[in-house]
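For reference, the structure is listed below as structure tokens.
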Amino acid sequence: MRGTMTADETSRSENQLQDEGAEIAALETQFDIVRYMRRKCEEYGLKYFVVFTLPGFEAEKLSAYSIVSNWPQEVLAKYDALRMVRHSAGIRKLRLTTVPFSYDMREWIGESSEQADFSELLALMTNHGMLVGHFFPVHDALGNRGAVVWGGDSASLGRDERLMLQMISVHLFNRLAEIGSAWKSGQVVLTDREIQCLSWTAAGKTSLEIAEILGLSEHTVNHYLNQVTRKLEAVNRTQAVVKAIRRGLIA
């Protein structure tokens, strides 16, 4: 009987893993992922999450490496102002292990406070109920390392819950990498002329000036810029420039 129950539990767990993986694979945007992670927080009795690529030793701000997060803005601002990314015991450990671990934030900040006073940050995190962090080291298909950290005010995570969150974290990080790649390219193809015209627009040149630089008519330059604006689903040239830069289409 006992063996049958164990087999049933294993089967249920495998089915849940498959269901979660399929749901994550169907998420299309970062906003979808944020909504999914909020729902998981409710299911597991957690409150906060942050997904980030692993900061280098020279890093100063976690926000520069964060992909998605629901941390309170004042906490993240204080974290970055104190350059905690350089002092964090959690990030130091992430560089040394691929095994999930948890930290009581009061101990974590205590271990980080040998040379600085982080009491204000601790007070902020305590007020927001950010007392425990569950760290899951992850990497994407290209080997880029990162972490998914789930947090709240409780340290209680059962073995099965931890295993499920580890699987979810791995899938989320890889899905974010896929979404990021698609978003950067946006499946938008610009011609050389369109890129040239948009790049000169980004440099502050008018259509007439661009025409003189490229040896085109002003009408032709406007045509290229209108095409780019349409392809990027922008409302004007300024927004087209911003979108193109964010997607890596122009420097």
Side-chain angles (χ1 to χ4, degrees), residues 6-55 62-71 76 90-91 93-95 97-102 132-152 154 156-190 231-234 243-249:
T6 301
D8 289 343
E9 290 172 355
T10 300
S11 178
R12 285 197 298 271
S13 178
E14 290 177 349
N15 289 337
Q16 186 178 357
L17 285 170
Q18 291 176 355
D19 291 343
E20 294 286 356
E23 183 175 359
I24 293 170
L27 300 175
E28 296 183 353
T29 67
Q30 289 188 1
F31 180 68
D32 292 336
I33 286 182
V34 167
R35 289 193 301 180
Y36 172 87
M37 295 184 78
R38 288 186 187 278
R39 193 168 73 251
K40 292 298 124 179
C41 279
E42 292 178 2
E43 290 180 17
Y44 289 89
L46 301 165
K47 293 182 178 180
Y48 300 105
F49 57 82
V50 58
V51 182
F52 56 86
T53 55
L54 189 60
L62 182 63
S63 57
Y65 296 84
S66 175
I67 305 172
V68 295
S69 170
N70 72 336
W71 278 25
L76 184 57
I91 289 179
K93 190 165 183 176
L94 284 171
R95 295 191 179 110
T97 184
T98 57
V99 178
F101 59 92
S102 297
V132 178
H134 304 289
F135 291 69
F136 293 90
V138 291
H139 62 82
D140 63 22
L142 298 178
N144 299 307
R145 298 179 63 192
V148 180
V149 182
W150 305 83
S154 173
S156 57
L157 267 186
R159 182 184 68 88
D160 291 344
E161 292 176 317
R162 189 174 295 275
L163 287 173
M164 188 61 66
L165 277 178
Q166 181 179 7
M167 185 281 300
I168 287 172
S169 298
V170 169
H171 279 276
L172 284 172
F173 191 72
N174 276 276
R175 186 63 189 134
L176 280 166
E178 292 169 353
I179 290 173
S181 176
W183 186 76
K184 284 178 182 178
S185 66
Q187 297 182 351
V188 171
V189 178
L190 301 183
K231 286 182 178 180
L232 293 173
E233 297 180 347
K243 284 191 171 188
I245 291 174
R246 286 179 176 173
R247 297 186 183 197
L249 296 172

Original post:
Atom CG of L76 and atom CG of L62: how far apart are they, to the nearest 0.5 Å?
Top reply: 6.0 Å
Original post:
Do we get K93 above F101's six-membered ring, with its NZ or CZ under 6.0 Å from the centre and within 45° of the axis?
Top reply: yes
Original post:
Sequence neighbours excluded, which residues qualify as side-chain contact (heavy atoms from CB on, under 4.5 Å) partners of D140?
Top reply: L142, N144, F173, N174, A177
**OP:** Before giving the answer on salt bridge (charged side-chain N to carboxylate O under 4.0 Å, His left out), spell out for E178 and R175 the whole-Å C-alpha distance, their side-chain angles and the decisive distance to 0.1 Å.
**Re:** CA-CA 5 Å; E178 292 169 353; R175 186 63 189 134; 2.9 Å; yes
Subject >> Salt bridge K40-E43, side-chain N to carboxylate O under 4.0 Å >> reply: yes
**OP:** Find the distance between CZ (R159) and CE (M164) and round it off to the nearest 0.5 Å.
**Re:** 10.5 Å
**OP:** Mark yes or no for whether E161, through its side chain, and G158, through its backbone, hold a donor-acceptor pair below 3.5 Å.
**Re:** yes
**OP:** Work out which heavy atom in N70 is nearest to a heavy atom in K47; give both atom names and the distance.
**Re:** ND2-O, 3.0 Å
Original post:
Roughly how far apart are I67 CD1 and L172 CG, rounded to 0.5 Å?
Top reply: 10.5 Å
**OP:** Check the surroundings of atom CD in E233: do more than 12 heavy atoms from other residues, nucleotides or ligands lie under 6.0 Å from it?
**Re:** no
Original post:
How far does CD of E20 sit from NE2 of H171, to the nearest 0.5 angstrom?
Top reply: 9.5 Å
Subject >> Non-hydrogen atoms of V138 and A147 that approach each other most closely >> reply: CG2-N, 3.7 Å
Original post:
Can you tell me how far CH2 of W150 sits from OH of Y44, rounded to the nearest 0.5 angstrom?
Top reply: 8.5 Å
Subject >> Minimum side-chain heavy-atom gap Y36-I168 below 4.5 Å >> reply: yes
Original post:
Where do T97 and R145 come nearest, in terms of heavy atoms and distance?
Top reply: O-NH2, 3.7 Å
Original post:
Heavy-atom distance under 4.5 Å between the side chains of F49 and C41, does that happen here?
Top reply: yes
Original post:
For the residue pair V149 and G133, what are the closest heavy atoms and their distance?
Top reply: CG1-CA, 4.3 Å
Subject >> side-chain contact (heavy atoms from CB on, under 4.5 Å) between L157 and H134, worked out >> reply: CA-CA 9 Å; L157 267 186; H134 304 289; 3.5 Å; yes
Subject >> Approximate separation, where rounding is to 0.5 Å, of R95 CZ and L54 CG >> reply: 6.0 Å
**OP:** For T98, check side-chain contact (heavy atoms from CB on, under 4.5 Å) against everything at least two apart and list the hits.
**Re:** none
**OP:** In sequence, state the C-alpha distance, the side-chain angles, and the governing distance for S66 and W71, and then conclude on side chain to side chain donor-acceptor pair (under 3.5 Å).
**Re:** CA-CA 11 Å; S66 175; W71 278 25; over 6 Å; no
**OP:** Taking all non-hydrogen atoms of both residues into account, name the closest pair between L46 and G151 and its distance.
**Re:** CB-O, 3.5 Å
Original post:
Who passes side-chain contact (heavy atoms from CB on, under 4.5 Å) against D32, sequence neighbours left out?
Top reply: L27, E28, T29, R35
Subject >> I91 and P55, any side-chain heavy atoms less than 4.5 Å apart >> reply: yes
